[in-house]
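What follows is one structure encoded as structure tokens, with my remarks underneath.
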Amino acid sequence: MKKDTILAHAGRDPKKYQGMVNTPVFRTSTVLNPDVATYEAPRDEDYQRISYGRHGTPTTRALEEAVARLEGGHRAVALPSGLAAIAAALSAFAKTGTHILVADPVYSPTRNFCERQLRANGVEIEYYDPLVGAGIATLIKPNTRAIFCESPGSLTFEMQDIPAIAQAAHARGVPVLADNTWGTPYFFRSFERGVDVSIHSATKYICGHSDVMMGLIVTDEPYWRTVRRTVADYGFSVSPDDCYLALRGLRTLGVRLKQQMANALEVARSLKSRPEVKRVIYPALEGDAGYAIWKRDFSGAAGLFSFVMNGASEKQAAAFVDALELFGIGSSWGGYESLATIAHAERHRTATKWDPGGPTIRLHIGLEDPADLVADLERGFAAMNRVTK
Ligand SMILES: *Cc1c(COP(=O)(O)O)cnc(C)c1O
């Protein structure tokens, strides 16, 4: 089945629910058993048999199955946020006395989790240049238990050569974990590229409407139990209503993504021609440093990218963003609406430098007409040009 067909059909079975098109919302804590023997039978191995609300409901399973199938993984588990998914996935592998490798431009709360939680538990954390590729082999130590990737990198969009990293990692028996929020299970088939544990902030495109917080971890078969048990041990649980909304979002993931990519390319190309813009950083744009890897490994791009302002001051950058009327100022992305923020990437890295010669603006391009977005950005540049440095 092709992925658009999977989006329309996975995770639902109308025959089971009186012909209803969508898997209903199941609310429960207690699940009753017919007898003592059933209640006492081991449950850990039986993914479909739901024994307690904390472990999910048929609504949760429908979402998990649909996402795992779309991405080509073994199974998926839903968590209360993307960051919870990152924390749980890392915790499954990073134990006291082990070493993990983390891409330098990771989402900054991922770095905070590594620094404040894992390091305090005696895990050695080493940040690596996202462009390291096969060179990761020289950084792997006997106690390395995970290589964490995020491609492209948060805020600065460096593309990682994940197949090369995975080849080096697997030669030493080390699993590759990847934050695939930007790639989505639709545009980046993680498991075909060597990822073992794929992590999503479903808050972004999967839910897609800026109204749900959720994370998902998809794994290949050998790592499923380790990851699923870690999630269970921490007691993470997701509301069935949120799972229903995520499934609803998933149905239109393909059309939204394709449209948002087209819109983003149009806006990015128009920015390239502006004198105020020094550089547009969008792997889907020909000429971008990450274009070749993106083209090889991805079948599309999220509508999220950055651009660097040509020698502007912070004050001018703020005037630019403040003047925008269609772009909201706020965290997150992946909804249907456009967003703009100033990205302070230099604050969140240690292994590499970020000094692009002007403020970096991160844009999320929504489903608005791109001509209106371009006009809005022109309004921003005009306001910026009225401000003295
Ligand atoms: C937003 C985001 C997260 C965190 O997801 P939440 O659902 O907000 O917890 C993780 N990784 C990336 C790349 C993100 O953009």
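Just so it is clear, the values below take in all heavy atoms, side chains as well, and ignore hydrogens, waters and symmetry mates. For ligands, and for the atoms within them, numbers begin at 1 and follow the listed sequence.
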Check ligand 1 against [X] and write out every atom of the ligand that is under 4.0 Å from a heavy-atom position of the residue.
X    : value
W333 : 15 (O)
M213 : 6 (P), 7 (O), 8 (O)
E150 : 13 (C)
L83  : 4 (C), 5 (O), 6 (P), 9 (O)
T203 : 6 (P), 7 (O)

**Report entry** T110 versus E150, side-chain donor and acceptor atoms under 3.5 Å
**Finding:**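 Side-chain D/A pair, E150 to T110: absent.
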Query - Residue pair K272 / Y282, side-chain donor-acceptor N/O under 3.5 Å - result: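 No, no side-chain donor-acceptor pair sits under 3.5 Å.
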Report task. Please confirm whether I86 comes within less than 3.5 Å of ligand 1 when only nitrogen or oxygen atoms on both sides are compared. Result ->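 The answer is no, given that I86 and ligand 1 share no N or O pair closer than 3.5 Å.
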Query raised in the report: So is there a nitrogen or oxygen of K204 less than 3.5 Å from a nitrogen or oxygen in ligand 1?
Result: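 The answer is yes, given that K204 and ligand 1 share an N or O pair closer than 3.5 Å.
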Query raised in the report: Considering only the protein, which heavy-atom contact is closest to atom 4 (C) of ligand 1, and what is its distance?
Result: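 Residue, atom and distance for the closest contact: Y107 CE2, 3.3 Å.
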Query - Nearest protein heavy atom with distance in Å, relative to atom 12 (C) of ligand 1 - result: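 So the nearest neighbour among protein heavy atoms is D179 OD2, 3.4 Å.
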Report task. Quick one: sort the W294 and Y291 rings into parallel, tilted or perpendicular, breaks at 30° and 60°. Result ->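 The arrangement is tilted - the two ring planes meet at 30° to 60°.
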Query raised in the report: How are the rings of F320 and F381 set to each other: parallel, tilted or perpendicular (split at 30° and 60°)?
Result: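 Taking F381 first and then F320, their aromatic rings sit tilted (interplane angle of 30° to 60°).
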Query raised in the report: Under a 4.0 Å N-O cut-off, is there an ion pair linking R228 with E64?
Result: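 So R228 does not pair with E64 through a salt bridge.
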Query raised in the report: Which of these, G183, S81, S201, has its nearest heavy atom closest to atom 5 (O) of ligand 1?
Result: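 The residue whose heavy atom sits nearest atom 5 (O) of ligand 1 is S201.
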Query raised in the report: Considering all heavy atoms of both residues, which atom of V238 and which atom of L79 are nearest to each other, and what is their separation?
Result: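 The answer is CG2-C, 3.1 Å.
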Query raised in the report: Does I206 belong to the same Ile/Leu/Val/Met/Phe/Trp/Tyr cluster as Y107, with side-chain heavy atoms less than 4.5 Å apart forming each link?
Result: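 No, separate clusters.
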